[in-house]
Amino acid sequence: MRLAEELALVLLNEDSGYFEPVGAWNLSCVIAGSVLADLSLEFRIDTDTETLTLLDAKETGDPLLDPVLEEIASAPPPVHNAQYWIEKTAQRSDDAMDIILDRLVEKNILDHDSGGFWSLSRQVSRTGTYSADDGSTKLQVKTRVLRAILDDEIPDPRDVILISLIAACDALPLLLTEEEYEESRERIDLLCKMDLVGRAIGAAVRESQGRPVQQPVGRTRPIPVANLLKLIPNRNLRRGNLSRILTDLYREYGPVFRIKKPFSEKGVVVLAGPDTNAWINRNGRTYFRTRDHMADFEQLYGASRTLPGMDGTEHYRMRKSLRAGYSRATLEARLDEVYKFCRASLEKWVPGKPMPGAAACQELMSVQVSQLMVGVDASDHIDDLLSYEHRSLVTHVQKALPKFMMQTPGMARKRKRIFEMLNRVLNAHTPAQRKGKPKDLVDHILSLHASDPQYFPETDLSFMLVAGFIASIYLGSGLSFAVYGMASHPEIYRRVQKEAEALFANGDPGRDDFRMSAIDAAHRVFLESQRLYPVIPMQLRTTMNHCVVQGFNIPKDTRVVFAHTAAHHLEETFPDPARFDIDRYAPPREEHKRAGAYVPFGLGTHHCLGSKWVELQMTINLLLIAYYFDISVVPKDYEMAFNPFPTSAPNSKFRFTITKRRHDF
């Protein structure tokens, strides 16, 4: 492995899922120093405390090293020192870190959580070793470093350079106890002096942190204010298409603009565009938090903290604890139940009769989610549950309605039904009731509470137990959009039906049958429906630290909107963006792979934990619908219109008709 890769492993904090808090610029400098050290070990450069000399300009074949080598080789006189090149290289450290982390995931040394968290793979955590590129087995790098410092073991020359780099960014006190660090100072100083290259680069890293020669100084611009009156004639506003409205505003005002609410001077700052999305994915954990927008909503359910309202280390811990409950593997183990519940709902679909598309798909998803995630049949309560959740989201998260709207007699009755349902869920999850049954989300939640009732107390159980029902809102809308996209494009519908016939011709397929090649068209229908009709078109945040985004200064305590799906409708990211085209996602086009271009599941650390579950469940439902029915949209030229709150959903005018039942149930 490269020194840069091993340095990342040393600085990874398993508790937070990210790097030790050494400071953004300091981290950039030490990553840059590790790249220069790797070039030295490849005999491309030589360095001492005064100069850095090019020895060989031949490419290494490594995209981590070669851009830096090329820049050094093409630099005009005079010859610069290591500090100069560290500060130059530090400015591209984000790209270097992306390469480093991707490599470590590919080598099965790190696992990557969808929210942008990293952790050691189970194999490395269990054995304390990893396989090197040459096939040998190496001791985990953090263990080697600690042994060299604490046990006086003679380190490998590469490890000496590594220790010099770690010491240069003041990360050793984060790896050692205070007593260990104080007792080992002489040993650390000795190790840092053992290698000339390590000593020179380590000193240059320290100098860059203290007084960077080329640390960029941002010149900020005033944030433009959007004129919402211009939207009155906007067709997307009339259709309720919030995602497209955000795209229109991005085109006019750029990646950062302000929307002033009525009677509010500050309003909100909107961040939009693929480059901004990529920046948020990389840096958002440092600058934004969610809890401000979730506090009132949590209190409705008697909770003080929820997974959507957590930030930082405690959020990461909750994600790790509940990850299995939302995983694709968990759904794959219960495919027979997915088929059963889906068919039970589809049997109610009557051929020849126009059906309300959103309501039919919502019922289909609600039955499956309640059974698979919370282990109970909620069909008798589901309308009240969804109505209460819709109202509470609009009132207490989006703040589009006054709070007294949650105090009406109707809402009071629905709230009572919710807590009746919670008792039903708890009664269904006693040891005797769950014996022999696969573990569902509620089982994982209750296990977390039992293992650490202080971290996850009973007061927070109520919200998490209804999380599955809340998820069904998103899934119902998502399936509605996908069915519309599929049914309104007969040639695509036929491709999905062909896959469905092949999969279900000889009985129900098992988990191994769901290879991507077997479900390719159906899977891409869902991907494209979420591009054109994202269920969550934006996210609310608050800046907890001052930041500069795309040259605009955003102070702390600013209310921010991540308009992440504005990138979905840009010609430069998705050519002919208004067209429903599932071939965008196939090679060689793969338009969704541009950084920040395709983000239907949100940005940063709050990226949807169950995204892989959702993709599989949606794909299976589309395949079963296509297998059993020929469907057409009513009328055939109907163009989707939206209910934009609390999440984007088809409005009540979306209808479809079953023109033919293809198979018996």
Side-chain angles (χ1 to χ4, degrees), residues 5 8-21 27 94 97-126 130 140 142 277-291 294 305-332 373 439 441 444-445 447-448 451-452 455-456 464 467-468 471 474 530 536 539 541 562 564 592-593 595-596 598-617:
E5 295 171 47
L9 290 175
V10 172
L11 296 179
L12 180 69
N13 185 321
E14 282 280 281
D15 292 328
S16 68
Y18 205 60
F19 299 109
E20 297 283 5
L27 179 61
D94 286 344
M97 189 56 73
D98 288 343
I99 294 172
I100 291 165
L101 292 171
D102 286 345
R103 282 185 185 175
L104 292 171
V105 171
E106 289 171 6
K107 294 175 180 178
N108 296 318
I109 294 171
L110 289 186
D111 288 332
H112 181 215
D113 181 274
S114 57
F117 299 99
W118 284 266
S119 59
L120 289 176
S121 67
R122 289 187 178 181
Q123 175 69 18
V124 175
S125 294
R126 186 169 57 248
Y130 55 81
Q140 219 278 78
K142 197 174 290 187
N277 287 345
W279 184 90
I280 293 170
N281 269 330
R282 182 180 288 135
N283 303 293
R285 73 183 70 233
T286 305
Y287 300 107
F288 305 105
R289 65 173 178 246
T290 65
R291 61 178 173 82
M294 296 299 298
R305 299 175 311 156
T306 63
L307 181 61
M310 288 178 170
D311 295 292
T313 300
E314 69 169 8
H315 173 73
Y316 175 56
R317 180 181 174 188
M318 182 73 78
R319 287 179 74 96
K320 285 205 300 184
S321 300
L322 301 182
R323 187 162 48 197
Y326 288 98
S327 72
R328 176 182 172 122
T330 295
L331 186 65
E332 287 176 336
M373 284 193 165
K439 203 170 184 179
L441 178 60
H444 288 283
I445 291 169
S447 294
L448 177 59
S451 66
D452 194 343
Y455 169 72
F456 191 51
M464 292 304 296
Y474 307 129
Q530 282 300 285
I536 304 177
Q539 297 170 295
R541 296 289 187 269
F562 291 170
H564 55 286
H592 62 305
K593 290 190 175 181
Y598 182 77
V599 282
F601 292 108
L603 290 173
T605 56
H606 284 268
H607 182 279
C608 176
L609 184 56
S611 59
K612 297 303 180 184
W613 168 306
V614 171
E615 284 190 13
L616 179 60
Q617 187 177 11

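Predicted model, so just to flag it, every value in this text is computed and none were measured. Throughout, numbering of the chain's residues begins at 1 and tracks the sequence.
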Checklist outcome for this item: Taking every heavy atom of Trp118 against every heavy atom of Glu14, the minimum-distance pair comes out as O-OE2, 4.4 Å

Checklist entry - How long is the span from the OH atom in Tyr316 to the OG atom in Ser119, to the nearest 0.5 Å? => result 4.0 Å

Checklist outcome for this item: In this structure, NE2 of His606 is separated from CG of Asp311 (nearest 0.5 Å) by 4.5 Å

Item to check | Minimum heavy-atom distance between Thr330 and Ala324, given as atom pair plus value | outcome: OG1-O, 2.5 Å

Checklist entry - Do Leu9 and Leu110 come within less than 4.5 Å of each other through their side chains, counting heavy atoms only? => result yes

Checklist entry - So, for Lys142 and Val10, which heavy atoms are closest and what is the spacing to 0.1 Å? => result CE-O, 3.2 Å

Checklist entry - Taking all atoms of both residues into account, what is the closest heavy-atom pair of Asp111 and Leu120, and its distance? => result OD2-O, 4.1 Å

Next on the checklist: Would you say that Leu448 contacts Met464 through its side chain, given a criterion of any heavy-atom pair below 4.5 Å between the two side chains?
Outcome noted: no

Checklist entry - Are Gln123 and Tyr130 close enough that some pair of their side-chain heavy atoms sits under 4.5 Å apart? => result no

Checklist entry - Are Arg317 and Asp452 close enough for a salt bridge, meaning some N to O gap below 4.0 Å? => result yes

Item to check | Arg319 side chain to Thr605 side chain, donor-acceptor N/O pair below 3.5 angstrom | outcome: no

Next on the checklist: Can you classify the ring geometry of Phe288 versus Phe562 as parallel (below 30°), tilted (30 to 60°) or perpendicular (above 60°)?
Outcome noted: perpendicular

Checklist entry - Got a sec, which residues hit ring pair (Phe, Tyr, Trp, His ring centres under 6.0 Å) with Tyr287, two or more places apart in sequence or on another chain? => result Trp279

Checklist entry - Which distance, rounded to the nearest 0.5 Å, do you find between the CD of Gln617 and the CD of Glu332? => result 12.5 Å

Item to check | Side-chain donor/acceptor of Thr290 to backbone N/O of Pro308, under 3.5 Å | outcome: yes

Checklist outcome for this item: Between the CG atom in Leu27 and the CG atom in Asp94, the distance rounded to the nearest 0.5 Å is 9.0 Å

Next on the checklist: Tell me whether Gln539 contacts the main-chain N or O of Leu603 through its side chain, where contact means a donor paired with an acceptor under 3.5 Å.
Outcome noted: yes

Checklist entry - Any side-chain heavy atom of Ser447 within less than 4.5 Å of one from Lys439? => result yes

Next on the checklist: Under 4.0 Å between a side-chain nitrogen and a carboxylate oxygen: does that hold for Arg282 and Asp98?
Outcome noted: yes

Checklist entry - Would you say the side-chain atoms of Ser125 pair up with the backbone N or O of Arg122, donor to acceptor, closer than 3.5 Å? => result no

Checklist outcome for this item: Residues Ser114 and Leu609: closest non-hydrogen pair is OG-CA, 4.1 Å

Checklist outcome for this item: Here the pair of heavy atoms bringing Ile536 nearest to His564 is O-NE2, 3.0 Å

Next on the checklist: Nearest 0.5 Å, please: how far is CH2 in Trp613 from CG in Leu331?
Outcome noted: 5.0 Å

Checklist entry - Atom CD of Glu20 and atom CG of Asn13: how far apart are they, to the nearest 0.5 Å? => result 4.5 Å

Next on the checklist: With a sphere of 6.0 Å drawn around NZ of Lys320, does it hold more than 12 non-hydrogen atoms of other residues, nucleotides or ligands?
Outcome noted: yes

Checklist entry - Who passes ring pair (Phe, Tyr, Trp, His ring centres under 6.0 Å) against His444, sequence neighbours left out? => result none

